[in-house]
Amino acid sequence: MKTPKQKNVKSQKQNKGRLNGKSQKEDKLSVTDKRDDMRDTYDTELSLVLGLVTFSVYFTTLYPSLPGGDSGELIAAAQELGVAHPPGYPVFTMLAWLAIKLVPGESVAWKVNLQTSMFGGMAIVFLALTVLRLTRRPSAAVLAVGMWGWCKLTWAWSITAEVFALNNLFVALLMFVALKFEDAENQSQIKMSFVGSFVCGLSLCNQHTMVVYVFCLAIWVLYTLHKNKILSFSVLVKIGLSFLTGLLPYFYLPLSSWFLRSRWTWGDQRSFSGLLTHLLRREYGTFDLGKGETGQGLMFGLRAYLDHILSDFTVVICVLFLLGLAVIVNRHLRTTERSLTVFFTMMTVYLLFFSWRANLDLNNPLYLGVVERFWMQSDMVLVTIAAVTYSDIMSFFLQIKMTFINYTRPDLLVAILVSVFQLQRHYNLSDQSGNLVIREMGVDILNTMPKNAIILTKGDLPSNTFRYLHLCEKLRPDIQIFDQEILTYDWSVSMLGWTMPGITFPGDMFHLTNGRRRDGRISFTFERFLDVNYDKAPIFACIGIQDHENSWQNGYTTVPYGVCSQFVKKGTHVDFASHIISVRNIAQNWTHPPGGFPETSWERVATDEMWNAKISMAYFLYDRSQASDHEQESRQALLMSYQLYTHAIETNPGYPAYWHKNYALACEKMLHIPSNYDKQELTRNVVQHFEKFLKREPNDPDKKPILQVIETFKQRLQS
């Protein structure tokens with residue numbers, strides 16, 4: 001028999017063994033947790049470094065002042081907490097207002113540009129964290145960051161005051177939150193679903209294209225919670241409330257309309273119908289990019305996107321993405337991970353939907369530039385899948401036990417080289433640190449306007465540029481600037497009429513007829529608008545005249561004034577000699593070369609307009625000489641046109657190709673009127689400038705008749 005003492009000793013040993021076993025398991029778990037914590041810390045540090053490096057690149061290439069497009073309008077709205085164009089962008093507007101107030105510096109535009117680059121850097125951080133979670137391979141994160149962050153499209157919209165860098169941040173953040181949701185269990189997973197639904201709502205306060213990503217994520221999250229048997233009615237309600245909480249910034253719109261007196265705001269959100277109109281973009285066409293525009297359809301849009309990824313990401317990334325389809329299927333079948341499948345679904349549905357609804361003519365370079373900026377959120381998913389594929393390929397090859405390979409870390413070396421290649425090939429094109437083109441154009445035009453002028457703008461370029469300079473930089477406070485196209489909206493006079501004390505609005509709304517309407521409001525035509533303001537100050541249209549209502553043509557005509565046109569009553573005598581003197585300095589200091597900017601850029605549009613401005617009066621007088629039935633008037637107009645063309649040719653080196661054609665035509669017409677100019681010299685000018693034109697524009701549709709004229713005039717010179 002065992003004595004009690006012996007039994008107790010054995011029992012103590014057994015208990016000690018059990019305790020030691022439990023302690024060993026806890027130690028193992030503790031070590032694992034520590035390793036996971038260390039890895040998470042390392043991933044965070046690496047992601048922050050990559051974000052900081054990318055932000056530094058963005059910072060050094062920022063626009064120093066106003067970019068083109070919607071930037072001027074967004075900044076002007078933010079400065080006084082007005083409402084931007086539909087759908088309002090309340091998150092961006094409020095953040096931009098903070099940047100304007102808190103960031104030191106003189107240029108309001110630069111402050112908001114800087115904030116945009118910060119959004120771009122933060123998007124990089126979450127993209128890197130996402131890739132690291134999917135691969136646990138730093139080289140994959142470097143590859144994704146280098147290819148996406150330094151893609152010229154991402155770069156362009158990360159250094160300009162626009163909403164797209166913030167949208168990129170929301171995409172990256174949602175992808176990261178989705179992975180955290182997948183990693184979590186039980187109550188933690190429910191909490192992450194609350195966070196994700198809040199971010200989804202908040203993202204829709206910036207860019208409505210997020211709705212596709214939000215929809216796909218919502219279905220996956222709800223299905224996952226249901227499958228895990230943790231989706232209850234109360235959880236569903238809380239998820240919905242979290243989503244609605246994210247949408248709270250939209251209350252900014254009616255609050256701004258009711259209580260703030262912003263000198264620039266879009267729409268009237270003081271009523272529910274007005275708010276709904278703004279949120280649904282009814283004035284642009286809900287689910288369309290442009291109102292009344294026609295695109296080429298789904299397949300053309302997809303081909304355009306394919307051209308973009310081949311050009312901006314190289315064939316290597318495209319191949320990695322295609323191989324990634326097999327990686328997605330493999331992970332879906334062999335593991336419990338579903339996030340990569342969800343990301344691919346989001347991208348696919350988004351591309352199909354957007355390509356279908358993007359109703360802009362992609363053959364127009366400027367419209368292509370408008371469409372392509374919406375490709376960035378699909379680009380982020382594409383690069384993420386490519387990076388995961390890259391990681392899997394490298395894992396396969398690194399399994400080979402070769403000292404050289406293990407020592408050199410070729411996966412990281414390749415990723416760095418590819419990223420540096422992406423950086424250097426896009427740097428010069430993306431560096432806008434010296435780009436003042438849009439501001440220079442606006443300053444040039446506004447400073448040459450007569451005192452107290454009324455300027456009626458058309459289109460984003462003049463409207464947003466002049467609005468920013470006038471409201472934010474206080475340039476030319478004596479003039480009045482009003483957007484003709486805004487005038488076509490019913491809310492324009494009631495919301496903005498008070499901001500134009502120098503303009504009389506002869507009613508409550510612009511319409512096709514004059515008179516009182518059934519609702520009691522008084523409508524007025526464009527002709528009536530000009531009538532009541534004509535004697536107050538000179539009135540100009542820049543760039544173009546609204547085409548909604550053409551009654552003004554009954555009583556008015558226009559005369560060029562640089563890129564603008566001055567309204568003149570019919571029958572009024574115009575002293576063209578004096579008018580030429582008043583406009584001769586417009587755009588004369590413009591030195592940016594024609595064709596010196598990408599066709600998709602606003603700088604290209606601005607440059608084309610300014611080169612047109614240099615000869616707009618010469619072109620007008622040439623047309624007038626051909627249309628006039630009075631010989632003396634026709635002759636005088638042609639002489640002035642020829643003189644203006646000659647002066648422009650002599651004083652503007654590097655002028656556009658079409659100047660050669662215009663000048664040759666003017667010289668040819670000069671041969672048919674009596675003048676003191678040498679006929680032989682005029683004939684030589686016709687030949688020389690037509691030849692120079694065809695050399696620069698060999699596919700011009702008038703090539704055949706031009707060649708005939710050249711041959712005829714050469715024979716005259718030889719005879």
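Each residue takes its place number in the sequence, starting with 1.
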Closest heavy-atom pair and its distance - [X], [Y]:
X	Y	answer
Ala84	Thr93	CB-OG1, 4.4 Å
Glu182	Ser339	OE1-OG, 2.9 Å
Pro67	Ile438	O-CG2, 3.7 Å
Thr600	Pro365	CG2-O, 3.1 Å
Arg282	Ser273	NH1-O, 4.5 Å
Leu362	Ala304	CD1-CB, 3.8 Å

What distance do [X] atom [atom1] and [Y] atom [atom2] have between them, rounded to the nearest 0.5 Å?
X	Y	atom1	atom2	answer
Leu279	Arg281	CG	CZ	11.5 Å
Leu217	Ser197	CG	OG	11.0 Å
Gln422	Phe313	CD	CZ	7.0 Å
Phe92	Asn167	CZ	CG	12.0 Å
Leu179	Leu174	CG	CG	11.0 Å
Phe55	Leu52	CZ	CG	8.0 Å

Keeping [X] on the side-chain end and [Y] on the backbone end, is there a donor-acceptor pair under 3.5 Å?
X	Y	value
Asn113	Tyr63	yes
Ser242	Phe198	no
Ser117	Leu114	yes
Tyr223	Ala218	no
Lys111	Ile100	yes
Ser257	Pro254	no
Asn206	Val163	yes
Asn464	Gly69	yes
Thr348	Phe344	yes
Tyr390	Ser139	no

Using side-chain heavy atoms (C-beta onward) and a distance below 4.5 Å, is [X] in contact with [Y]?
X	Y	value
Met376	Val171	no
Phe164	Thr154	no
Gln115	Val103	no
Thr224	Gln189	yes
Tyr489	Asp268	no
Thr116	Leu166	no
His332	Leu340	no
Val53	Val145	no

TODO: Take Phe181 and Leu225 through the side chain to side chain contact (heavy atoms under 4.5 Å, CB included) test and state the conclusion after the steps.
DONE: CA-CA 10 Å; Phe181 168 81; Leu225 293 175; 3.9 Å; yes
Assess whether atom [atom1] of [X] is packed by more than 12 heavy atoms of other residues, nucleotides or ligands within 6.0 Å.
X	atom1	answer
Tyr367	OH	no
His548	NE2	yes
Met347	CE	yes
Gln424	CD	yes
Lys180	NZ	no
Phe194	CZ	yes

Classify the side-chain pair [X]/[Y] by whether it contains a donor and acceptor separated by less than 3.5 Å.
X	Y	answer
Tyr305	Asp379	yes
Trp266	Glu73	no
Asn168	Gln377	no

- [ ] Please lay out, stage by stage, how Leu366 and Trp602 fare under the test side chain to side chain contact (heavy atoms under 4.5 Å, CB included).
- [x] CA-CA 8 Å; Leu366 189 61; Trp602 285 105; 3.9 Å; yes
Open item on the list: Taking the basic N atoms (NZ, or NE/NH1/NH2) and the acidic carboxylate oxygens, is any pair closer than 4.0 Å for Lys152 and Glu372?
Closed with: no
TODO: List the steps and the verdict of side chain to side chain contact (heavy atoms under 4.5 Å, CB included) for Phe354 and Val212.
DONE: CA-CA 9 Å; Phe354 180 78; Val212 174; over 6 Å; no
Open item on the list: With a 6.0 Å cut-off on the ring centroids, do His308 and Trp375 count as close?
Closed with: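 They qualify: ring centres under 6.0 Å apart.
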Open item on the list: Taking the six-membered ring for Trp, are Tyr427 and Trp150 closer than 6.0 Å centroid to centroid?
Closed with: no
Task: side chain to side chain contact (heavy atoms under 4.5 Å, CB included) assessment of Ile230 paired with Gln187 - done: CA-CA 8 Å; Ile230 52 177; Gln187 293 302 312; 5.6 Å; no
Task: Pi-cation contact, Trp220 with Arg338 (under 6.0 Å, within 45°) - done: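 Judged by the rule, Arg338 and Trp220 form no cation-pi pair.
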